[in-house]
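Taking it in order: structure first as structure tokens, then the write-up.
Computation of the quantities below employed the complete heavy-atom set of this structure, encompassing side-chain atoms and omitting hydrogens, waters and symmetry-equivalent molecules.
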Amino acid sequence: MKKLLAFIISFTIIFTLSAPFCHAQEDEKLNYLLLGDSIAQGYGVKNRDEASFGKIVADTNGYNYENLARTATDTSDWLAYLERDYVIEAVEKADIISLSVGSNDYLASSDVVLLGAQSLFGYTGEIKAREESIYENFSKIIPRIYEINPDVTLLVNNVYVAWRFIGKKIFTDATTCVNDVYDRYLEKYPGAFYLVDFASALNDRPDYIADDCVHPNAKGNIALAKVTLEKLKEIGVGENTEPVVLVEGIDYNFYIETYGKALGMFLTILIKTLTGNLFDYYPFPI
């Protein structure tokens with residue numbers, strides 16, 4: 001009886017001491033946070049909480065996942081967001097952050113039509129001025145993230161060209177403007193972040209672009225997940241490079257959702273034709 005009682009007491013002590021260790025083991029999953037614009041949000045898929053590139057990355061590598069990205073936000077927006085308590089809290093506990101910011105300073109600005117017209121006529125003065133504005137804000141965003149969390153692994157994705165026909169020059173000038181910001185910052189501050197090459201994954205791939213001819217569709221989000229996973233493995237915070245898709249993405253058609261099926265389909269075909277994205281391979285030289 002004494003032996004049985006001693007065994008029970010010993011087992012209880014061992015179990016009590018080991019419980020916190022087991023809990024700690026469960027908590028060792030890395031925390032993965034998405035910040036930025038609609039690309040990070042996964043706007044091109046309807047079920048973005050389940051099938052955006054960030055969620056696919058988290059599911060593949062077993063990360064805890066949080067996405068605070070917001071549609072149409074630019075660098076000035078994120079300077080402000082990084083002062084909000086809920087964003088600060090998320091950044092503090094993050095082990096890895098994917099940041100997508102900069103393109104909306106150009107593409108979603110109120111004077112995008114003016115900038116586009118200037119691009120078509122070869123005037124780049126205002127476009128370069130916009131680049132300087134983006135660089136100034138970006139140069140505050142990166143230090144602010146590290147001020148909140150000095151130990152975080154920070155990824156920044158570059159911007160792809162989604163158009164291949166009418167307006168391609170406008171889109172190319174815009175993306176070049178933004179991508180130059182990332183390159184300039186890394187040249188001045190080597191190692192400040194890891195650049196993820198979204199352009200290589202999506203350029204000249206209309207089959208990866210949603211019907212709005214801007215955002216990645218479900219297949220495009222898988223492609224973005226793959227290049228992100230490759231970068232994470234390269235820098236030693238991930239093991240897998242082949243995306244694990246637990247929930248199939250549902251492509252989001254902005255025009256149909258906004259204007260109804262008849263008008264939405266007409267606008268989809270029109271925009272895809274004008275941008276060269278109606279077919280996987282556009283039949284005319286561009």
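Using a 4.5 Å heavy-atom cutoff, the side chains of Ile141 and Leu79 are in contact. Residues Asn158 and Asn179 are in side-chain contact: their nearest non-hydrogen atoms beyond the backbone lie under 4.5 Å apart. Side-chain contact between Val237 and Tyr194 is absent, with no heavy atoms from C-beta onward closer than 4.5 Å. Side chains of Thr75 and Val181 form no contact here, defined as non-hydrogen atoms less than 4.5 Å apart. Under the 4.5 Å side-chain criterion, counting only non-hydrogen atoms from C-beta, Tyr81 is not in contact with Leu35. Side-chain atoms of Ile271 and Asp212, non-hydrogen and from C-beta on, never get closer than 4.5 Å to each other. At least one side-chain heavy atom of Trp163 sits less than 4.5 Å from a side-chain heavy atom of Asn277. Leu68 places a side-chain heavy atom less than 4.5 Å from the side chain of Tyr86.
Val57 and Leu33 end up in different hydrophobic clusters when Ile, Leu, Val, Met, Phe, Trp and Tyr side chains are linked at under 4.5 Å. A single hydrophobic cluster is not seen to contain both Leu34 and Leu246; linkage of ILVMFWY side chains at heavy-atom distances under 4.5 Å, directly or through other members, places them apart. By the criterion of side-chain heavy atoms lying less than 4.5 angstrom apart, applied directly or through intervening Ile, Leu, Val, Met, Phe, Trp or Tyr residues, Leu263 is grouped together with Leu274 in one hydrophobic cluster. A chain of hydrophobic side-chain contacts below 4.5 Å, direct or via other Ile, Leu, Val, Met, Phe, Trp or Tyr residues, connects Ile235 to Leu224. No continuous path of hydrophobic side-chain contacts links Ile222 to Val227 [ILVMFWY only; heavy atoms under 4.5 Å].
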Full working for side-chain contact (heavy atoms from CB on, under 4.5 Å) between Ile148 and Glu92: CA-CA 6 Å; Ile148 298 170; Glu92 283 177 337; 3.5 Å; yes
Trace of the salt bridge (charged side-chain N to carboxylate O under 4.0 Å, His left out) decision for Lys272 with Asp211: CA-CA 7 Å; Lys272 282 193 157 192; Asp211 289 326; 2.9 Å; yes
Stepwise side-chain contact (heavy atoms from CB on, under 4.5 Å) check, Tyr63 with Asp95: CA-CA 9 Å; Tyr63 301 147; Asp95 297 295; over 6 Å; no
Stepwise side-chain contact (heavy atoms from CB on, under 4.5 Å) check, Glu66 with Asn31: CA-CA 8 Å; Glu66 186 171 9; Asn31 297 316; over 6 Å; no
side-chain contact (heavy atoms from CB on, under 4.5 Å) assessment of Val87 paired with Trp78: CA-CA 10 Å; Val87 176; Trp78 276 98; 4.3 Å; yes
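A donor atom on one side chain and an acceptor atom on the other are found under 3.5 Å apart for Ser100 and Asp37. A side-chain donor-acceptor contact under 3.5 Å links Tyr32 and Ser98. Side-chain atoms of Ser52 and Tyr65 include a donor-acceptor pair closer than 3.5 Å.
Shortest non-hydrogen contact noted between Pro216 and Tyr160 is CD-OH, 3.1 Å. Heavy-atom minimum distance, Ala218 versus Asp251: N-OD1, 2.9 Å. Residues Phe165 and Thr273 approach most closely at CD2-O, 3.9 Å, considering heavy atoms. Taking both residues in full, the closest heavy atoms of Ala162 and Phe171 are given as N-CE2, 3.6 Å, listed atom of the first, atom of the second, then distance. The two residues Ala51 and Ile56 come nearest to each other via the heavy atoms O-CD1, 3.7 Å. Of all non-hydrogen atoms in Ala192 and Tyr185, the two that sit nearest each other are CB-CE2, 3.6 Å.
Every side chain to side chain contact (heavy atoms under 4.5 Å, CB included) that Asp74 has, sequence neighbours left out, goes to Ser76, Asp77, Asn104, Asp105. Scored by the ring-ring contact (aromatic ring centres under 6.0 Å, His included) test, Phe254 finds no partners at all (sequence neighbours excluded). In this view, Leu154 and Ile97, Leu99, Ile142, Ile145, Tyr146, Val156, Phe193 satisfy the side chain to side chain contact (heavy atoms under 4.5 Å, CB included) rule, not counting sequence neighbours. Take Thr241 and apply the side chain to side chain contact (heavy atoms under 4.5 Å, CB included) test, not counting sequence neighbours, and it matches Glu230, Lys233. Taking the ring-ring contact (aromatic ring centres under 6.0 Å, His included) definition, one finds that Tyr252 meets it with Tyr43, sequence neighbours left out.
Checked by atom type and distance alone, the side chain of Asp197 pairs as donor or acceptor with a backbone atom of Ser200 at under 3.5 Å.
Here Leu232 contributes atom CG and Glu239 contributes atom CD; the two are 11.0 Å apart, rounded to the nearest 0.5 Å. Remark: Thr60 OG1 to Leu229 CG distance equals 5.0 Å, nearest 0.5 Å. Taking CE of Met265 as the start and CD1 of Ile256 as the end, the distance is 5.0 Å to the nearest 0.5 Å. Note: Arg184 CZ to Leu186 CG = 12.0 Å, rounded to the nearest 0.5 Å. For the atom pair NZ of Lys55 and CG of Asn47, the computed distance is 10.5 Å after rounding to the nearest 0.5 Å. Taking CG from Leu267 and SG from Cys213, the interatomic distance works out to 11.0 Å, rounded to the nearest 0.5 Å.
Of the residues listed (Val214, Asn217, Thr275, Leu202), the one engaging Ile209 in a side-chain contact (heavy atoms from CB on, under 4.5 Å) is Leu202, and it is the only one. Considering Thr71, Thr73, Asn67 in turn, Thr71 is the only one that fulfils the side chain to side chain donor-acceptor pair (under 3.5 Å) rule with Gln41. For the side-chain contact (heavy atoms from CB on, under 4.5 Å) criterion with Leu195, the lone passing option out of Asn157, Leu155, Asp183 is Asp183.
Residue pairs meeting the salt bridge (charged side-chain N to carboxylate O under 4.0 Å, His left out) criterion with at least one member in residues 136-154, sequence neighbours excluded, are Glu83-Arg144, Glu136-Lys140, Arg144-Glu147.
Note on ring orientation: taking the six-membered ring where Trp is involved, the planes of Tyr259 and Tyr255 are parallel (angle under 30°, cut-offs 30° and 60°).
Remark: Arg164 does not engage Asp204 in a salt bridge, criterion side-chain N to carboxylate O under 4.0 Å.
The environment of NZ in Lys46 is sparse: at most 12 heavy-atom neighbours from other residues, nucleotides or ligands sit within 6.0 Å. Within a 6.0 Å sphere centred on CD of Glu257, heavy atoms belonging to other residues, nucleotides or ligands number more than 12. Enclosure of atom CD in Glu248 is not indicated, since only 12 or fewer non-hydrogen atoms of other residues, nucleotides or ligands lie within 6.0 angstrom.
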